[in-house]
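Taking it in order: structure first as structure tokens, then the write-up.
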Amino acid sequence: MGRFANAFGPHEPEATYVPHAFPEQLCDIGEVRLNYAVAGTHDKPALLLVPGQTESWWGYEQALPLLAPHFEVFAVDLRGQGRSSRTPGRYTLDNMGNDLVRFIDAAIGRPVIVSGLSSGGVLSAWLSAYARPGQVRGALYEDPPLFSSELDTSCGPSIHQSIGGVFALWNKYLGDQWSLGDWDAMVANAPRELPARLQPLLPVLLPAAPPQNLKEYDPEWGRAFASGTVAASCDHERMLQQVKVPVLLTHHFHTLDAASGSLLGALADVQAARVRELVAAAGQKIDYRSFPTMAHSMHGQDPKLYCETLLEWAATLA
């Protein structure tokens, strides 16, 4: 075990969490308690923000003051992230999606626009397909790894041709629920264990000490994605064939190595095209915005542009 074994998580709040500008609260939906923050007032339309993997609700903290004049905004921690419950062996898209269905009913109580980043963008797609009738008005998929986060995918590169090695590394050395916590060994061994295409990301992904976002993350998430169990019952193509609301897909920086098929980024061009094809075939309007120099998190890198993009699209919704 490493020096951070069992050091972080809801059982060690003083070591794990830091204060934020918006008050946090918990919503008990049965199996889990979801942590969330609210900005804006109830006379505005409801907006649900779904963070990406390793991101807590406060990844949106800089965007919330820009959104609050236009929406009542609910930014949530998914199970296994932030202050929300840890659920060993239960990290699947279907479980997380159903958490959000219950959260919309219990905490929001009216139809929402949903916007999710990365894995949260996949959950935005899940809600656009599988939420209860009338719960979702429209869905923004912010640079989502659709198809590319599947173990066996029907389109383009799979998770082990993209970021899967990093997720597996986190779980190998940190353990489920930080049970191993061997950060130092992970940093030392990563240059030998990760493929060359991921080496440029090491300074960002693996600093000398655990960053705040990873302290609040259950590394079992990484194992669920790297092993494919997270989507074992949620085929992305089948899900997209069931979309029932208008969609905005944003597509950020990405490169694809033609020789190996390896993807650096969330979504290859062929995968973005397939998303658009499937949503359109489901009878729904899908808008596509390409931001080829944008980091994975637009709401993190450029909150103003994120808010402008969201507002422009939301104005087209019924």
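Just so you know, these numbers use all the heavy atoms, side chains as well, and skip hydrogens, waters and symmetry mates.
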Heavy-atom donor-acceptor pair, Ser84 side chain to Asn35 backbone, under 3.5 Å:
yes
Would you say Ser148's side chain and Ser158's backbone share a donor-acceptor pair under 3.5 angstrom?
no
For the pair His254 (side chain) and Leu264 (backbone), establish whether a donor and an acceptor sit closer than 3.5 Å, ignoring hydrogens and angles.
no
Within the 4.5 Å heavy-atom criterion, are Val112 and Arg110 side-chain neighbours or not?
no
Audit row: Leu47, Leu67, side chain to side chain contact (heavy atoms under 4.5 Å, CB included) steps and yes/no:
CA-CA 9 Å; Leu47 172 66; Leu67 292 168; 4.0 Å; yes
Regarding Trp57 and Gln81, is there a side-chain donor-to-acceptor distance under 3.5 Å anywhere?
no
Donor + acceptor pair across side chains of Tyr288, Thr250 (<3.5 Å)
no
Is it true that Arg86 and Glu220 make a salt bridge, defined as a side-chain N closer than 4.0 Å to a carboxylate O?
no
Whether Ser128 side chain and Ala125 backbone form a donor-acceptor pair below 3.5 Å:
yes
State, to 0.1 Å, how close Tyr130 and Cys234 come at their nearest heavy-atom pair, and which atoms those are.
CE1-SG, 4.5 Å
Tyr91 and Asp176: side chain to side chain contact (heavy atoms under 4.5 Å, CB included), yes or no, with the steps?
CA-CA 11 Å; Tyr91 295 118; Asp176 296 355; over 6 Å; no
For a 4.5 angstrom cut-off between non-hydrogen side-chain atoms, does Leu78 reach Leu100?
yes
Other residues, nucleotides and ligands only: do more than 12 of their heavy atoms fall within 6.0 Å of NZ on Lys44?
yes
Working to the nearest 0.5 angstrom, can you tell me the gap between Leu202 CG and Gln199 CD?
5.0 Å
Backbone N/O of Ser297 and side chain of His252: donor-acceptor pair under 3.5 Å:
no
Calculate, to the nearest 0.5 Å, the distance between atoms CG and OG1 belonging to Leu263 and Thr255 respectively.
7.0 Å
Measure from the ring center of Phe253 to the ring center of Phe291 and say whether it is less than 6.0 Å.
no
Are Tyr36 and Gln25 close enough that a side-chain donor and a side-chain acceptor fall under 3.5 Å?
yes
Can you find a heavy atom in the side chain of Leu206 that is under 4.5 Å from one in the side chain of Met186?
yes
Atom of Leu66, atom of Cys307 and distance for their closest heavy-atom approach:
CB-SG, 3.5 Å
In chain order, what residues pass the side-chain contact (heavy atoms from CB on, under 4.5 Å) check against Ala231, with sequence neighbours excluded?
Leu93, His236
Report the distance from atom NE2 of His160 to atom OG1 of Thr153, rounding to the nearest 0.5 Å.
12.5 Å
SB check Lys285 Asp287 (cutoff 4.0 Å)
yes
Mark yes or no for whether Tyr217, through its side chain, and Ser56, through its backbone, hold a donor-acceptor pair below 3.5 Å.
no
Using side-chain heavy atoms (C-beta onward) and a distance below 4.5 Å, is Lys215 in contact with Phe4?
no
Gap between atom CD1 of Ile113 and atom CG of Leu49 - 0.5 Å precision:
10.5 Å
Show your working on side chain to side chain donor-acceptor pair (under 3.5 Å) between Asp105 and Gln135 and close with a plain yes or no.
CA-CA 8 Å; Asp105 279 346; Gln135 278 192 316; 3.1 Å; yes
Is a donor on one side and an acceptor on the other found under 3.5 Å between the side chain of Gln242 and the backbone of Met239?
no
Residue pair Leu127 / Leu48, side-chain heavy-atom distance below 4.5 Å:
yes
Just how far is it from atom NE2 of His251 to atom CG of Asp269, taken to the nearest 0.5 Å?
5.5 Å
To check you understand the geometry: which heavy-atom pair defines the closest contact between Cys155 and Arg274, and what is its length?
SG-CB, 3.7 Å
Main-chain N/O of Arg79 paired to Trp221 side chain as donor or acceptor, under 3.5 Å:
yes
For residues Trp178 and Phe8, establish whether the separation of their ring centroids is below 6.0 Å.
yes
Ring-plane angle category for Tyr60 and His299, please: parallel below 30°, perpendicular beyond 60°, tilted otherwise.
parallel
Can Tyr173 and Asp184 be counted as having a side-chain donor-acceptor contact under 3.5 angstrom?
no
Does a side-chain N-to-carboxylate-O contact under 4.0 Å join Asp77 and Arg83?
no
List, by chain and number, the other hydrophobic cluster members for Tyr17, where Ile, Leu, Val, Met, Phe, Trp and Tyr join if side-chain heavy atoms come within less than 4.5 Å, directly or indirectly.
none
Check whether any side-chain heavy atom of Gln271 lies under 4.5 Å from a side-chain heavy atom of Pro157, and answer yes or no.
yes
Look only at the side chain of Ser118 and the backbone of Gly120, and say whether a donor-acceptor pair between them is shorter than 3.5 Å.
no
Assess whether side chain to side chain contact (heavy atoms under 4.5 Å, CB included) is satisfied between Tyr141 and Leu123, documenting all intermediate values.
CA-CA 9 Å; Tyr141 309 168; Leu123 287 167; over 6 Å; no
Does Glu142 reach the main-chain N or O of Met298 with its side chain, forming a donor-acceptor pair under 3.5 Å?
yes
Consider only side-chain N and O atoms of Ser227 and Thr229, and report whether a donor and an acceptor are under 3.5 Å apart.
yes
Could you walk me through whether Trp58 and Gln212 pass the side chain to side chain contact (heavy atoms under 4.5 Å, CB included) check?
CA-CA 11 Å; Trp58 48 263; Gln212 184 60 39; 3.7 Å; yes
Taking atom types as modelled and ignoring hydrogens, do the side chains of Asp257 and Gln161 form a donor-acceptor contact shorter than 3.5 angstrom?
no
Look up atom CD1 in Ile29 and atom OG in Ser85, then write down how far apart they are to the nearest 0.5 Å.
8.5 Å
Where Trp313 and Leu140 come nearest, the two heavy atoms and their spacing
CH2-N, 3.9 Å
Is there side-chain contact between Phe74 and Cys27, with heavy atoms separated by less than 4.5 Å?
no
Run the numbers on Asp94 and Thr92 for side chain to side chain donor-acceptor pair (under 3.5 Å), then give the verdict.
CA-CA 5 Å; Asp94 287 335; Thr92 69; 5.5 Å; no
More than 12 heavy atoms from other groups under 6.0 Å of CZ on Arg197:
yes
With a 4.5 Å cut-off on side-chain heavy atoms, are Leu180 and Leu174 touching?
no
Atom CD of Glu24 with >12 non-hydrogen neighbours under 6.0 angstrom:
yes
